[in-house]
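Only one structure is covered here, and it is reproduced in the block below.
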There are 2 protein chains.
Amino acid sequence: MPRSTRRRPALAHPAVEEIDLYDVLHALSDPTRMTIVRILRAEPERACGTFPVDVAPSTLSHHFKVLRESGVINQREEGNRRFSALRTVDLERRFPGLLDTVLAALARNEHGAELGAEPAWHG
Amino acid sequence: MPRSTRRRPALAHPAVEEIDLYDVLHALSDPTRMTIVRILRAEPERACGTFPVDVAPSTLSHHFKVLRESGVINQREEGNRRFSALRTVDLERRFPGLLDTVLAALARNEHGAELGAEPAWHG
DNA sequence: ACCCAGTTTCGTCGTTTGTCGAACATCGCA
DNA sequence: TGCGATGTTCGACAAACGACGAAACTGGGT
């Protein structure tokens, strides 16, 4: 039977020129996915199951799919596991500075609310 | 009766420190809202009804609400009209470089797909 | 051959989103 | 006082989203 004959369908990744800004922004507008991205920036690659996010495996798989199809991450299969990596070069080519700026904003989003605000300001 | 006695409820705007990154990214992940933001960057202020977006007034009102409550725009009432303005200073204070980077990315998102791609590349 | 560990796919559920039309409110003007 | 212009609020609706569990698939041991 098509046991090892049938190849698993290749993982769909958009080409660099096809990465859509709205898809990227939507992908990044979810805390779980943003956590994945933040972790992924520190390491070149990481297996799916090793992310410290508190959701069911199927949910995690869904988030990886969103990230992959939006062009934010690249997924590579190795044996049983699936490794994910940030498409930093591609993203930088398509939308220069976007990833770094968003990740810098993320850092400010977390501990920035209480600290570091000058007196008061309207604008 | 409370005709001019009752004040209209003040428009809710988040304080600078309370602007949430996820709300901002979500607000910017919609084409209609992004159009509003792009137009608003060119002019200091603009009345709601004067935006060349092809949606019903109620839909437009909804989008303005999303933009306002996420902290992207400021709305000011003047007589009958409601004027909107980008909170560029606040956004720059909260998330430095974010707005400019996203708007630059938007320009590339539109005419960038066909042009300017070197041979080919995987990453 | 078997089973286990790692992941995805499928179906479902409740919530949110974007859209609209209709009704309501407010202001300025005749 | 009434009318028109400008916007909002209130349902309604389909589509998409995030979450889950159950089932299925894959590859590596035993």
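Convention: sequence-line order gives letters A, B, ...; per-chain numbering from 1. Only this structure's heavy atoms are used, side chains among them; waters, hydrogens and symmetry mates stay out.
- Of all heavy-atom pairs between A/Ile39 and A/Pro52, the closest is CD1-CD, 3.4 Å.
- With sequence neighbours left out, B/Ala104 forms a side chain to side chain contact (heavy atoms under 4.5 Å, CB included) with no residue at all.
- Taking side-chain N and O atoms only, B/Arg82 has no distance below 4.0 Å to OP1 or OP2 of D/dT6.
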Could I get a table of every N or O pair under 3.5 Å where one atom is in the protein and the other is in nucleotides 28-30 of chain D?
none

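- Listed by chain and number, the residues in a salt bridge (Lys or Arg N to Asp or Glu O under 4.0 Å) with A/Glu69 amount to none (sequence neighbours excluded).
- At whole-Å resolution of the value, CZ in B/Arg81 and C1' in C/dC27 are 10 Å apart.
- Rounded to an integer number of Å, the gap from B/Leu25 CG to D/dC17 P is 16 Å.
- With sequence neighbours excluded, the residues that form a salt bridge (Lys or Arg N to Asp or Glu O under 4.0 Å) with A/Arg46 are A/Glu43.
- Separating the CZ atom of A/Phe83 from the P atom of C/dT8 is a distance of 12 Å, rounded to the nearest angstrom.
- Under the side-chain hydrogen bond (donor to acceptor under 3.5 Å, both in side chains) criterion, A/His63 pairs with A/Arg33, not counting sequence neighbours.
- Residues of residues 45-54 of chain A that place a heavy atom closer than 4.0 Å to DNA chain C, in numerical order, are A/Ala47, A/Cys48, A/Gly49.
- The distance from atom CD of A/Glu77 to atom C1' of D/dT26 is 9 Å, rounded to the nearest whole Å.
- Applying the salt bridge (Lys or Arg N to Asp or Glu O under 4.0 Å) test to B/Glu92 and every residue at least two apart in sequence or in another chain returns nothing.
- Between the OH atom of B/Tyr22 and the C1' atom of C/dT16 there is a distance of 18 Å, given to the nearest Å.
- The stretch residues 57-66 of chain B touches DNA chain D through B/Pro57, B/Ser58, B/Ser61, each having a heavy atom under 4.0 angstrom from the strand.
- One finds a side-chain N or O of A/Arg33 lying less than 4.0 angstrom from the OP1 or OP2 phosphate oxygen of D/dG18.
- Here D/dC17 presents its P atom at 9 Å from CG of A/Asp23, a figure rounded to the nearest Å.
- In this view, B/Thr101 and A/Thr101 satisfy the side-chain hydrogen bond (donor to acceptor under 3.5 Å, both in side chains) rule, not counting sequence neighbours.
- Heavy atoms only, all atoms of each residue included: A/Leu25 and B/Leu28 are closest at CD1-O, 3.5 Å.
- Rounding to whole angstrom units, CG of residue A/Leu67 and P of D/dG18 are separated by 10 Å.
- Residues satisfying the side-chain hydrogen bond (donor to acceptor under 3.5 Å, both in side chains) criterion with A/Asp100, sequence neighbours excluded, are absent altogether.
- Listed by chain and residue number, A/Glu110 satisfy the salt bridge (Lys or Arg N to Asp or Glu O under 4.0 Å) test with A/Arg38 (two or more places apart in sequence, or in another chain).
- In the set D/dG18, C/dT7, D/dT8, the nucleotide with an atom closest to the side chain of A/Asp30 is D/dG18.
- Separating the CZ atom of B/Arg76 from the P atom of C/dC27 is a distance of 15 Å, rounded to the nearest angstrom.
- Here B/Ala15 pairs with B/Glu17, B/Glu18 under the side chain to side chain contact (heavy atoms under 4.5 Å, CB included) rule; sequence neighbours left out.
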